[in-house]
*Asks:* 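Below is one structure. I have some questions about it.
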Protein chains: 2
Amino acid sequence: MPIEIPDVVIDRLPLYYRLLSRLDSEGRSVVSSQELGEELGVTPAQIRKDLSYFGRFGKQGRGYSVPRLLDELKAILGLDGRWKVVVIGIGRLGRAIASYPGFEGQGFDIIALYDASSGLVGTEIEGQRVKDVATLEADLKKTAVDIGIVAVPGEHAQDVVDTLVDAGVHAILNYTPNRVQTPPNVEVRHINPVLFLQSMTYHLKQRRGG
Amino acid sequence: MPIEIPDVVIDRLPLYYRLLSRLDSEGRSVVSSQELGEELGVTPAQIRKDLSYFGRFGKQGRGYSVPRLLDELKAILGLDGRWKVVVIGIGRLGRAIASYPGFEGQGFDIIALYDASSGLVGTEIEGQRVKDVATLEADLKKTAVDIGIVAVPGEHAQDVVDTLVDAGVHAILNYTPNRVQTPPNVEVRHINPVLFLQSMTYHLKQRRGG
DNA sequence: GTGAAATTGCGCACATGCACACAAACGCGC
DNA sequence: GCGCGTTTGTGTGCATGTGCGCAATTTCAC
């Protein structure tokens, strides 16, 4: 591959994808980088450059075909197939995740839920039987999983992640406040609302104190 | 103020703060940028430069005093006071947020919960009576609020945000998948797990297909 | 008290990502 | 079919953020 594609570009593609999905469902057939940019708060040049990493999808004087570009992004991001997801930790947060309506429609299949509490194991959540986390390792060996979502108490995060990584899971969404260590070939994203709030308070303070 | 402090720096401070809290609770009194960097996966130089925007907190040959640096960061981020937070939308996600244990200990007080559903209004969640979202506007005029957390259905996100902004709330954490428009003097952070997953699948695909 | 080891703060060079601007291409109207 | 307005793709310059390297400072051992 000649040029490396920056991560920031990859992170913007889902935004474009999302907007194009909306435009497509509204029946729009063509859109310009100008309009995409206004909607997303990004400069049109940025959008054109991002897309140009992957091909020449637009037509001069016209813009981009909405369905065409949607399909291209779908293929680029790998959203033209389905991905197997497991959720570990079915507390309040895990349950909210398991019932989040946005996953299924976007190609993410939650194929199993795990928890350590004997009170939960065996119960039904969103039509899924909650399985014992002790069986996670064996299950992963039988059925390959693409993505693990971790919503256990922070102190168990690293253990669960290690189990996932050892079993060949290469993408992990970590909802616990603890950062976890992984080999470089594993993608981890941390979702920690407290960190967001803490950087926002800096700005709030600026406003107040000058 | 002579130099503007980059946003990326501000976003890293909570990470440092978090690690220092842990070290402090473990009784560590001194730490080097080297060690901080190893723990966080950041270069030591980066950490020293980030901190140097705010002052000279370290001692050559020794490192940083953990309690001292913790206090400095606390003051810088505005975590030495308490912040008033409201949560709007008490579905599964909103309930998970309302009961998230990490907020209170970090200076964030959830002072009210709001929902639109008549089935929920008046019920108790985590010791809080759920209030009717219709009263939000009036309540905000009576009691100033610092941060709004929005977990309503996507199609109502903009309305709720507009209400918050009109009432002078300058920081918003948006858990809905919809992006919202705000004036430039309002800080908004979007938490959308699907966007994370979608950029991770790109990398998964790379691994597979080459 | 002196030398050696450690570590900060910062100047500087480098890399990376962003916006601008323009040539090339396309469509539309007449 | 021709010209005009529109919009893409990209070469180029610029800004911003990152890492290196070193002088200055501190600690520690002997």
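So that the names make sense, note that chain A is the first sequence line, chain B the second, and so on, each numbered from 1. Here the structure is a predicted model, which is why all the values come from computation and not from measurement.
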*Asks:* For B/Gln34 and A/Asp50, find the nucleotide of DNA chain C closest to each by heavy atoms; which residue's nucleotide sits nearer the 5' end?
*Replies:* B/Gln34
*Asks:* Is any side-chain nitrogen or oxygen of A/Arg48 closer than 4.0 Å to OP1 or OP2 of D/dG9?
*Replies:* no
*Asks:* Using only modelled atom types and a 3.5 angstrom limit, is any donor from either the side chain of B/Gln60 or the base of C/dT8 paired with an acceptor on the other?
*Replies:* yes
*Asks:* Mapping A/Leu51 and A/Gly61 to their closest nucleotides on DNA chain D, which lands nearer the 5' end?
*Replies:*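 So the residue in question is A/Gly61.
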*Asks:* Side-chain N or O of A/Arg56 versus OP1/OP2 of D/dT10: is the shortest distance under 4.0 Å?
*Replies:* yes
*Asks:* Between D/dT27, D/dG17, C/dC28, which one does the side chain of B/Lys59 approach most closely?
*Replies:* D/dT27
*Asks:* Would you say B/Tyr64 reaches C/dG9's phosphate, i.e. side-chain N/O to OP1/OP2 under 4.0 Å?
*Replies:* yes
*Asks:* B/Tyr53 has an atom OH; how far is it from atom P of D/dT18, in whole Å?
*Replies:*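 In whole Å, D/dT18 P lies 8 Å from B/Tyr53 OH.
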*Asks:* Can you check whether any acceptor in the base of D/dG19 is under 3.5 Å from a donor in the side chain of B/Lys49, or vice versa?
*Replies:*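 Side chain to base: pair found, below 3.5 Å.
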*Asks:* For the pair made of CZ in B/Phe54 and P in C/dC10, what is the distance, rounded to whole Å?
*Replies:* 14 Å
*Asks:* In whole angstrom, give the distance that lies between atom CZ of B/Arg62 and atom C1' of D/dA24.
*Replies:* 18 Å
*Asks:* Could you give me the CA-CA distance, side-chain angles and deciding distance for A/Tyr64 and A/Val30, then say whether side-chain contact (heavy atoms from CB on, under 4.5 Å) is met?
*Replies:* CA-CA 5 Å; A/Tyr64 298 89; A/Val30 178; over 6 Å; no
*Asks:* Out of D/dT27, C/dG27, C/dT8, which has the shortest distance to the side chain of B/Ser33?
*Replies:*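 Within the option list, the nearest is C/dT8.
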*Asks:* Is any NZ, NE, NH1 or NH2 atom of the basic residue among B/Arg208 and A/Asp146 found under 4.0 Å from an Asp or Glu carboxylate oxygen of the other?
*Replies:* yes
*Asks:* Just the rounded figure in Å: distance from P of C/dT16 to CD1 of A/Ile10.
*Replies:*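 After rounding, the gap between these two atoms is 15 Å.
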*Asks:* Is A/Arg82 salt-bridged to A/Asp109, cutoff N-O under 4.0 Å?
*Replies:* yes
*Asks:* How close or far is atom P of C/dT8 from atom CD1 of B/Ile47, stated in whole angstroms?
*Replies:* 9 Å
*Asks:* Quick check: on DNA chain C, is the nucleotide nearest A/Pro6 upstream (toward 5') of the one nearest A/Ala45, or the reverse? Name the residue that is more 5'.
*Replies:* A/Pro6
*Asks:* For B/Leu13 and D/dG17, give me the distance from atom CG to atom P, rounded to whole Å.
*Replies:* 13 Å
*Asks:* Answer yes or no: is there an ion pair linking B/Asp80 with B/Lys74, defined by an N-O contact shorter than 4.0 Å?
*Replies:* no
*Asks:* Find the distance B/Phe57:CZ to C/dT8:C1' and express it as a whole number of Å.
*Replies:*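 About 13 Å, once rounded to whole Å.
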*Asks:* Please give, in whole Å, the distance from D/dG19 C1' to B/Arg12 CZ?
*Replies:*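 Taking atom C1' of D/dG19 as the reference, CZ of B/Arg12 is at 12 Å.
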*Asks:* Output yes when a side-chain donor or acceptor of A/Trp83 lies under 3.5 Å from a complementary backbone atom of A/Ile110, and no otherwise.
*Replies:*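 Not confirmed, A/Trp83 side chain does not pair with A/Ile110 backbone.
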